[in-house]
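Here is the structure we will look at.
Start at 1 with the first residue, then count along the sequence. Because the structure is a prediction, the values reported are computed rather than measured. One-based numbering, in listed order, for ligands and for the atoms of each.
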Amino acid sequence: MNSGKTTPEPMRDVALGPLFQTAAAHALRYRSHVAEAPQRPSRDFMAMLATFAAPLPETGAEGPAIIDQLARDAEPGLHAMTGPRFFGWVIGASHPVGVAADWLTSAWGQNTGNHVATPAAAAVEAVAAGWLLDLLDLPRECSVGFVTGATVANFVGLAAARHEVLRRAGWDVEAQGLFGAPPISVMIGDDAHTTVFSALQFLGLGHDRVIRVATDAAGRMRADAFRDAIAPLSGPIIVICQAGQINTGAFDPFAEIIALARAKGAWVHVDGAFGLWARAEPELKGQTGGIEQADSWATDGHKWLQTPYDCGYAIVRHPEAHRRAMTIAASYLPPAQAGERDPSHYVPELSRRARGFATYAIIRHLGRQGIAAMVARHCRVARIIAARVVAEPGIAVLHEVTLNQMLLRFGGDGAGADDLTRRTIARLQADGICFAGGAAWRGSQVMRLSVISWYTTEAEAEIAADAIIAAWRAVKAGANFRDWER
Ligand SMILES: *Cc1c(COP(=O)(O)O)cnc(C)c1O
């Protein structure tokens with residue numbers, strides 16, 4: 001690989017063709033075969049470490065050869081997240097149109113801090129932001145920050161919340177910090193996503209210093225419990241709701257909660273990492289009723305919208321609070337005038353990737369109707385899988401499947417069900433026909449499925465259901481555990 005030329009020079013005539021074409025050929029080959037390949041990696045982390053481990057190279061090597069080797073070495077350790085039967089965690093499938101736009105994003109190399117530096121990237125973001133508000137039917141006056149994902153979108157929304165509730169209490173938190181500030185009451189459902197607690201931790205609000213509100217069987221905040229919890233509170237309050245519980249897909253009762261919160265002058269933030277996209281589908285939208293009354297929302301591009309990783313959106317009803325929480329003006333940065341928009345004003349970073357291009361390209365490609373059809377299809381697929389597997393003795397679906405998420409349990413109510421469920425997950429993963437992971441829910445081991453890949457169709461639902469049933473039957477039959485239990 002290293003033919004004596006050891007220190008590559010910066011040259012205008014560096015052979016871009018072979019380099020970019022090598023990468024494109026690998027991408028094409030990988031994406032063309034991922035549907036047939038096992039829906040799991042064939043090598044684990046330790047094996048991958050062994051593959052890549054090497055001393056720091058003293059000398060250089062040719063670009064295309066490095067790309068060849070990288071593809072060859074990495075592929076056994078890749079998970080089929082872009083496959084049609086990958087149901088692990090909650091992971092979108094990097095739509096090819098988004099991938100192509102993302103390649104251009106890399107090639108163009110735009111630092112997307114402000115609109116003077118990169119008019120195209122800033123303008124596309126401004127347009128895509130408007131499209132997102134339209135798709136999700138949120139107040140059109142909202143500001144939108146393009147971030148890495150819902151974790152940071154939650155952070156941004158809660159930073160705006162922290163700013164505003166303290167400003168109303170006469171405190172400038174950006175200037176003075178939290179030392180000596182009026183205390184903020186933070187209310188959150190018992191089944192909120194862990195990353196919201198991370199956001200609270202980053203903001204100095206504390207992940208334990210919260211008022212946890214009891215939830216129902218599907219993980220929704222109970223409105224009666226919320227009413228009791230907020231009644232004695234006064235002063236600055238932040239309420240955190242959820243659209244799309246990670247296990248069940250359930251939505252908080254937004255209308256009731258937000259009305260109670262409003263009466264106390266609270267800021268309401270919604271974690272809608274994937275669930276907010278129910279608003280893009282007319283029949284599912286009803287489940288989110290009242291959500292548009294909130295003050296801020298976090299959602300992902302890289303889950304239901306299928307943008308390549310990484311991409312999330314922080315949406316705030318009060319652009320002034322959003323900007324003040326995120327920006328500190330610097331003299332060398334040109335100020336934005338009315339109608340202009342600096343991408344960095346709405347996110348924690350100054351320098352960052354031009355995430356707007358992939359968002360723009362995917363929305364442009366699918367359109368409102370294509371996105372609605374995809375969301376509807378995923379929910380239909382979830383219902384098909386649930387209906388198929390529940391007909392098999394010993395498999396239970398633990399909740400009504402109202403969105404794209406689903407919990408399964410194997411082996412009835414007996415003491416052995418945790419173990420049988422764990423074994424069924426291991427068996428399913430070893431078979432590699434589809435991938436689902438495990439989770440703990442209400443103290444029990446469950447199999448969790450998230451139907452959110454662009455490639456998943458009704459036909460894949462049948463294959464996946466058959467694979468789950470086959471894995472369970474194999475476990476029940478006590479077949480040769482040792483072969484796959486490692
Ligand atoms: C995925 C998820 C998050 C975190 O989002 P990232 O994109 O991983 O940062 C937060 N909340 C919910 C409900 C999620 O599903």
Side-chain angles (χ1 to χ4, degrees), residues 79 81 86-95 98 102 132 136 144-159 161 188-203 207 210 215 218-221 239-252 254 268-279 284 287-288 291 294 296-315 347-349 352-353 355 358-359 362 375 378-379 382 399 402-407 436-437 439-441 446 448-453:
H79 217 141
M81 296 178 184
F86 177 87
F87 305 112
W89 302 280
V90 184
I91 293 184
S94 293
H95 192 289
D102 205 50
L132 288 166
L136 301 171
V144 182
F146 288 61
V147 293
T148 50
T151 303
V152 176
N154 280 319
F155 168 80
V156 171
L158 290 170
I188 186 165
D190 240 346
D191 290 302
H193 197 267
T194 58
T195 58
V196 183
F197 294 94
S198 308
L200 292 171
Q201 168 181 329
F202 306 151
L203 286 163
H207 54 66
V210 293
T215 48
R220 293 178 204 94
M221 252 200 277
V239 174
I240 303 170
C241 293
Q242 179 165 253
Q245 208 282 333
I246 188 92
N247 292 303
T248 64
F251 295 92
D252 283 340
F254 303 109
V268 180
H269 172 77
V270 181
D271 174 14
F274 62 96
L276 203 57
W277 291 87
R279 292 184 68 76
L284 295 167
Q287 295 188 45
T288 70
I291 205 173
S296 56
W297 304 262
T299 195
D300 270 313
H302 57 218
K303 286 180 180 171
W304 233 335
L305 187 59
Q306 317 288 321
T307 68
Y309 278 79
D310 48 25
C311 186
Y313 314 109
I315 306 171
V347 300
E349 307 93 333
R352 70 173 173 83
R353 182 170 192 77
R355 298 194 183 88
T359 298
I362 290 181
V375 170
H378 289 151
C379 297
H399 57 97
T402 51
L403 202 69
N404 66 321
Q405 303 287 115
M406 158 181 18
L407 299 180
W441 178 244
V446 295
R448 180 171 68 202
L449 284 88
S450 175
V451 183
I452 199 159
S453 161

Between [X] and ligand 1, is there a nitrogen or oxygen pair with a distance under 3.5 Å?
{"X": "F274", "result": "no"}
{"X": "T148", "result": "no"}
{"X": "H302", "result": "yes"}

Does a donor on one side chain sit under 3.5 Å from an acceptor on the other, for [X] and [Y]?
{"X": "D191", "Y": "T215", "result": "yes"}
{"X": "T288", "Y": "R279", "result": "yes"}
{"X": "S450", "Y": "Q405", "result": "yes"}

Please confirm whether Q245 comes under 4.0 Å of ligand 1, counting heavy atoms of the residue only.
no
Determine, using heavy atoms of G244 and all atoms of ligand 1, whether some pair is separated by less than 4.0 Å.
yes
Who are the salt bridge (Lys or Arg N to Asp or Glu O under 4.0 Å) partners of R448, not counting sequence neighbours?
none
Under the side-chain hydrogen bond (donor to acceptor under 3.5 Å, both in side chains) test, residues paired with S453 that sit two or more places apart:
none
Nearest protein heavy-atom contact for [atom]: which residue, which atom, what distance?
{"atom": "atom 8 (O) of ligand 1", "value": "T151 OG1, 4.1 Å"}
{"atom": "atom 14 (C) of ligand 1", "value": "K303 NZ, 2.9 Å"}
{"atom": "atom 5 (O) of ligand 1", "value": "A150 CB, 3.1 Å"}

So, are D102 and R353 salt-bridged, with charged N and O less than 4.0 Å apart?
yes
For the residue pair H79 and F86, does the interplanar ring angle fall in the parallel (under 30°), tilted (30 to 60°) or perpendicular (over 60°) class?
perpendicular
Counting only heavy atoms, tell me which of T195, I91, T194 gets closest to atom 4 (C) of ligand 1.
T195
Atom indices of ligand 1 within 4.0 angstrom of A273 heavy atoms, with elements:
2 (C), 3 (C), 10 (C), 11 (N), 12 (C), 13 (C), 14 (C), 15 (O)
